[in-house]
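Have a look at the structure below before the remarks.
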2 protein chains.
Amino acid sequence: MITNKNCIIRLSRYKNALYRLRDLGFVKVFSDNLADAIGVTASQVRKDFSLFGITGNRKGGYEIASLLEKLGGILGKDRIERVIIAGAGHLAYALMHYRGFEKEGIKIEAAFDIDPLKFAKNAQIPVLPMEEMKDFVVSNNIKVGVLAVPEVGAQRAADTMFAAGIKGILNFAPLRLKAPNDCAINNVNLEIELENLVYFVNVLEKKG
Amino acid sequence: MITNKNCIIRLSRYKNALYRLRDLGFVKVFSDNLADAIGVTASQVRKDFSLFGITGNRKGGYEIASLLEKLGGILGKDRIERVIIAGAGHLAYALMHYRGFEKEGIKIEAAFDIDPLKFAKNAQIPVLPMEEMKDFVVSNNIKVGVLAVPEVGAQRAADTMFAAGIKGILNFAPLRLKAPNDCAINNVNLEIELENLVYFVNVLEKKG
DNA sequence: ACTTTATTGTGATTTAATTCACAATAAATT
DNA sequence: AATTTATTGTGAATTAAATCACAATAAAGT
């Protein structure tokens, strides 16, 4: 079982690039096309595929349709992925309205909050009380959630999610969540991303 | 000049942890406290510091105040970092209202859009026409921007930003931007983050 | 049928990142 | 003042990731 995060991210990128190529009418692709598309070397592409037992045709490259199928299978995205959001603030709202998820087979099923003013049981994506999360998650068999609450309530909301049966959290709160070790956490920390950018902008400035 | 992205990200995390410790009243810290706080090894912490010439006191650990100063200097965040946003949709709105930036010394100065319905020249954070970006960026000497427009307009908006003098972009659009090579791009791709999470949730499920 | 050409697949090699291990040493203790 | 103890700082060793290099080979051309 390969658990190199960068490698898995590359698989996602290959998949995205392949969708584009397919939509342009392409049927086959070579390792160096894919490499150019996502900005790596051709041998990196082949090595990644090799690691997961994906093979193409010598001289003939890879068939896009079959590659997409294999990548979907590996990434566990061969069906629609249903997710919930903890928190119904501005970020949650932005995510609920983000059009990019649909075409990736990601569906946000509901958001949960503690503030009764936010509740909207009959909205297209309902906003429900936190206490209803467990029932919802269990009956809809949901495994993945987004944590989009302010820092102060974040660990508590995460614990609610774990108790409900969520096994993976995409965490936007700027702290390190404590999690059971059968659960996965991916952090998106915007402050750190911006700070990182500032560093590299300064580095480039000094260089040039 | 160290350009290992993970290492720089760790420096930011150390800094965050140090703020917390300081706010709790701590004055000194040992490498293994920091290591625990951000989830790495103590020698990783010391090695990272050593790489940047940060030294502590043998037997005495590191003084938090001085560490914070040094980290701020390295990360180029010794002053307030002013940024703009391209796009004034839901995500931009969420970012403009995000309280976490202020305490990190990040200030969003303005957003820019092509849709006149979005304009709000006198709002606390003004929303201005794209054409005014260059003037604004030049006269405010801004170097960093967030790209929060839909995929179709993303490269165009990025080009506008580069033309205005922006040198670093935090990109939320799910594509690989073409950029001048004196400019830095950090990508935040939510689809990929979620897909990645799905993979690791599946891995953990098979393991357990 | 034979030759050339283009591309894969992967073992070997290189490079980069992390961890180990311990000398150096400053503070605390006796 | 000598001894013990705790911690840093870093070179050496290890591990992990990326790249190289080329044999294998399928298709195309002659």
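Per chain, numbering begins at 1; letters A, B, ... match sequence-line order.
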Measure across B:N186 and A:E193 and return the closest heavy-atom pair with its distance rounded to 0.1 Å. OD1-OE1, 3.2 Å
Please determine whether a side-chain nitrogen or oxygen atom of A:N57 lies at a distance below 4.0 Å from atom OP1 or OP2 of D:dA26. no
Aromatic contact, A:Y93 with B:Y93 (centres under 6.0 Å): no
Map B:D48 and A:I54 onto DNA chain C by nearest heavy atom, then report which one ends up closer to the 5' terminus. A:I54
Counting N and O atoms only, with roles assigned by atom type, does the side chain of B:R176 sit under 3.5 Å from a partner on the main chain of A:A37, one being a donor and the other an acceptor? yes
Round to the nearest Å and state the distance from A:K47 atom NZ to D:dA16 atom P. 15 Å
Rounded interatomic separation in angstrom, taking CD1 from A:I8 and C1' from D:dA17: 14 Å
Using whole Å, what does the distance between atom P of nucleotide D:dC20 and atom CD of A:Q44 come to? 11 Å
Using the test side chain to side chain contact (heavy atoms under 4.5 Å, CB included), find all partners of B:A42 that sit at least two apart in sequence or belong to another chain. B:S31, B:D32, B:A35, B:R46
So which of residues 28-41 of chain B are in contact with DNA chain C, with a heavy-atom cut-off of under 4.0 Å? B:T41
I'd like to know if the side chain of B:K118 reaches the main chain of B:V127, judged simply by a donor and an acceptor atom lying under 3.5 Å from each other, with no hydrogens or angles considered. no
If you assign A:G60 and A:S50 each to the DNA chain C nucleotide with the nearest heavy atom, which residue ends up on the more 5' nucleotide? A:G60
With heavy atoms under 4.0 Å as the rule, sort A:F49 into base, sugar-phosphate or nothing. nothing
In whole angstroms, the gap separating C1' of D:dA17 from CD1 of A:I9 amounts to 15 Å
Chain B contact limits on DNA chain C, taken 5' to 3' with a cut-off of 4.0 angstrom to heavy atoms: C:dA17 to C:dA27
In whole angstroms, how far is the C1' atom of D:dA26 from the CD atom of A:E63? 16 Å
In whole angstrom, what separates A:R46's CZ from D:dC20's P? 11 Å
Matching residue for B:Y199 among B:N202, B:N196, B:V203 - test: side-chain contact (heavy atoms from CB on, under 4.5 Å): B:V203
Could you please spell out the steps behind the salt bridge (Lys or Arg N to Asp or Glu O under 4.0 Å) verdict for A:E81 and A:R79? CA-CA 6 Å; A:E81 189 58 33; A:R79 61 203 150 65; 3.7 Å; yes
Residue whose closest nucleotide on DNA chain D lies nearer the 5' end, A:N6 versus A:K59: A:N6
Would one find more than 12 heavy atoms of other residues, nucleotides or ligands at under 6.0 Å from atom CD1 of A:I114? no
Side-chain donor/acceptor of A:D113 to backbone N/O of A:A88, under 3.5 Å: yes
